[in-house]
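Accompanying notes for the structure given below.
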Amino acid sequence: MLGKVAAAGAIICQRLRPTIHEIISSKIKACAARASSKLSVDQPCKTAVSDIFSKSTFGSYHILKQKFKNGTTLLATQLVVGPVSSTMTPIGAAQSAASELLSSILDFITRIVENHAVVGELLESKSSQQGDIINTPHSLNGDTSWNPDSESSQATGGFSVAFSLTVMQSECQQLICEILRATPEAATADAAVQTARLANKAPEKEKRDGADDLSFAFRFTDPNSSNPNQGVVQGWRRVSNAQQEGYGTASVLTEQGIYLAASLYRPVLQFTDKLAAVLPQKYSQLGNDGLLSFIENFLKDHFLPALFVDYRKCVQQAIASPATFKPRALATTVYTSSVEQGRPVLQGLLATDYLAKEVLSWARLIPKYSNELIEYVQTFLERAFERCRTSYTEAVLEKQSYLLLGRNDVEKLMRLDPANACFQNSYGQMMENNVSDTESIEAEREMCDLLLSLRQIKQENLIHDDIKVILLASLSDSLEYLADSVERFGESIVRPAIGTEDKNHAYLTNHHRRTPSVLTKTLASLADEYRKLAIDCLKVLRLEMQLETIFHMQEMSGREYLEDQDAEEPDDFIISLTSLITRRDEEMAPFVPQWKRNYIFGGISSIASNNSIQVLGEMKSINLLGVQQICRNTIALEQALAAIPSMDSEAVQQRLDRVRTYYELLNLPSEALLAFITDHAYLFTSKEYSNLLKVNVPGREIPNDAQQRVAEILSH
């Protein structure tokens with residue numbers, strides 16, 4: 001009515017930037033005051049706005065602080081160290097504090113923008129009715145934060161919705177930079193000139209390429225520097241000394257730095273969506289060209305490169321050190337499946353798992369870049385796998401068990417072995433193989449014959465170092481642990497975190513994420529690779545114990561068992577073998593579950609049984625005391641194997657009873673032996689029955705036609 005539209009607009013332009021700055025600063029001060037009021041007298045004044053999240057997305061961030069029941073702490077605390085402090089992790093207090101702080105400020109800014117949208121429409125309407133154009137100064141009281149250079153802006157004193165929105169987003173950008181300790185240096189001009197230039201552009205409905213957005217180069221200040229404002233002087237030139245003092249975010253944020261960019265993404269994304277709802281349609285694109293473009297460019301150009309470098313160093317440190325691939329000595333002697341309760345996962349893989357979970361938690365904070373982060377996790381999981389394979393190869397290189405495992409015939413027989421069923425129970429379809437009982441029994445016999453054909457076995461061809469044996473056991477369990485984690489990684493990609501209350505979580509919004517099905521399949525394939533190597537470790541250990549059995553018992557070959565007195569102890573080689581079995585079982589007990597121990601030691605009784613029976617054909621002589629000695633050997637071996645938990649004691653006894661039955665037939669007169677063969681033609685093979693007649697037993701008479709009679713009996 002007074003014709004002062006342009007003057008009113010000029011006043012708004014003059015006061016807008018300092019007012020917004022003051023509003024942001026006052027809200028931060030109020031937030032700091034509320035936080036301080038909650039502190040006790042003896043606590044420091046600086047605190048975070050919110051506490052650490054009580055629950056983790058993956059549930060493993062707290063394992064490093066847990067203790068065993070006996071009071072010992074997980075040794076992983078020494079090695080599992082990420083590139084950021086605990087408060088700066090994706091679920092840390094600093095992240096939640098920064099997110100909440102920015103959210104509260106942007107919510108208030110949204111309401112201001114809504115008011116300015118109303119005022120802007122009103123002023124434009126009044127100015128068009130009056131038709132007056134007032135040439136207002138380009139600078140009021142030294143304020144260069146606005147610069148009307150078109151007739152449309154002159155009519156409103158330089159004020160427009162675009163101008164207001166740009167100024168407010170410019171202040172919010174400076175606030176974000178302060179939180180990130182990133183000093184923005186204008187690429188082309190100072191912030192005020194850029195603000196005016198962008199504000200006076202005609203709004204476009206179509207999507208722009210962002211070439212005219214506010215663009216900045218960044219330098220990052222060292223939080224430990226003696227001068228916290230070092231490097232800031234060449235940043236934005238602000239309009240008053242009050243503005244150059246910053247916003248005081250340090251009073252409410254325990255930490256600041258580039259890693260907070262991830263937690264600021266979602267508040268900015270929500271702010272952009274709210275702007276689209278309150279702005280007139282012709283200004284809708286300005287919201288996308290402001291803070292959202294700014295934070296996305298920052299994440300792409302600064303945050304992600306820094307994250308990749310930092311985590312790559314951590315992973316390299318975790319898997320490069322020899323100490324991280326040494327089995328940890330624990331106070332417990334019982335295996336547990338829970339890391340929190342003491343599962344001795346190799347520290348290198350435990351650290352890799354921890355870092356992978358942390359990177360994937362970053363992906364949940366910045367879903368737009370989740371594919372890049374998932375691919376990055378995949379790369380260092382592959383690197384960790386190669387480190388595991390190297391460790392495995394170093395332990396088994398040039399050993400007979402490893403060479404045997406590489407043979408197709410051995411691999412096929414092991415797959416058909418009845419013991420292979422334990423892998424089906426644990427690994428499901430990955431190890432599924434439909435084999436009949438007859439095929440399994442025949443495969444077991446063929447496997448024994450193949451291994452026994454390797455005699456004489458040399459000690460240097462065995463993994464004689466118990467440390468390497470324990471490493472293989474620990475490596476197998478650690479690989480399985482990481483395989484389970486990798487599978488959960490894939491599952492977490494396509495579903496929200498447990499306990500997520502926001503049903504419109506940005507991670508699940510198709511508008512803001514790409515479908516990662518290919519990556520999920522790749523992670524599943526990688527998990528299979530981990531499990532295959534874990535199984536190879538177990539197979540090598542099973543073969544190793546079978547070869548150790550042959551190595552110890554091959555002393556029976558070509559020997560004369562003509563004992564002159566009844567010994568009270570088993571043979572020395574049996575004592576050595578049973579001691580080895582007991583020692584290795586006790587050493588493996590904390591590192592592998594019982595079913596794996598059963599698999600590792602489960603092939604011994606079959607090899608011992610077949611070896612003992614076959615070796616009779618190579619003996620020169622044996623007397624009755626020799627028969628007793630062999631029976632005593634089998635009893636000692638049976639007791640050692642029965643002491644292993646979950647071992648199928650009945651199967652062990654059945655196999656070794658067969659040995660005792662076989663050798664006790666040597667005590668029978670020839671006619672009684674022939675009668676036994678008639679009644680039990682299928683208990684032993686024709687060759688095994690023939691050997692009973694061939695061996696020299698002092699005092700036993702064998703008819704000349706005994707072999708012919710046995711052949712006739714068995715032929716029928």
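Both cation-pi conditions hold for K27 and F108: the charged atom is under 6.0 angstrom from the six-membered ring centre and inside a 45 degree cone around its axis. Geometric assessment of R312 against the ring of F380 yields a negative cation-pi assignment under the 6.0 Å and 45° thresholds.
Using a 3.5 Å distance cut-off with no hydrogens or angles, the side chains of T249 and Q256 do pair a donor with an acceptor. For the residue pair Y481/R343, the side-chain donor-acceptor check at 3.5 Å is not satisfied. Using modelled atom types, one finds a donor on one side chain and an acceptor on the other under 3.5 Å when comparing Q95 with S263. A donor-acceptor contact under 3.5 angstrom links the side chains of S85 and T87, judged on distance only. Side-chain contact of Q169 with Q173: a donor-acceptor pair under 3.5 Å is absent, judged by distance alone.
Residues Y259 and P83 are in side-chain contact: their nearest non-hydrogen atoms beyond the backbone lie under 4.5 Å apart. I112 is listed as a side-chain neighbour of I23, based on a closest heavy-atom distance under 4.5 Å. Within the 4.5 Å cutoff, no side-chain heavy atoms of V113 are placed close to those of V161. No side-chain heavy atom of R266 sits under 4.5 Å from any side-chain heavy atom of S103.
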Test side-chain contact (heavy atoms from CB on, under 4.5 Å) applied to S361 and K357, step by step
CA-CA 6 Å; S361 286; K357 290 172 180 175; 5.6 Å; no
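In this structure, H21 contributes its side chain and G246 its backbone to a donor-acceptor pair below 3.5 Å.
No more than 12 heavy atoms of other residues, nucleotides or ligands lie within 6.0 Å of CD in E22, so this atom counts as exposed by the packing criterion.
Of the residues I109, L106, T110, the one that meets the side chain to side chain contact (heavy atoms under 4.5 Å, CB included) test with K274 is T110. Shown are Y311, Y369, Y376; of these, the side-chain hydrogen bond (donor to acceptor under 3.5 Å, both in side chains) with W362 is made only by Y311.
Atom CD1 of I105 is separated from atom CG of L101 by 4.5 Å, given to the nearest 0.5 angstrom. The CG atom of L482 sits 11.5 Å away from atom CG of D477, with the distance rounded to the nearest 0.5 Å.
Between D484 and R488 no salt bridge is recorded (no basic side-chain N to carboxylate O distance below 4.0 Å). Electrostatic pairing of E480 and R531 does not count as a salt bridge here, judged by no charged N lying under 4.0 Å from a carboxylate O.
In terms of heavy-atom proximity, A261 sits nearest to I295 at O-CD1, 4.3 Å. Taking each heavy atom of I28 and V252 in turn, the nearest pair found is O-CG1, 3.7 Å.
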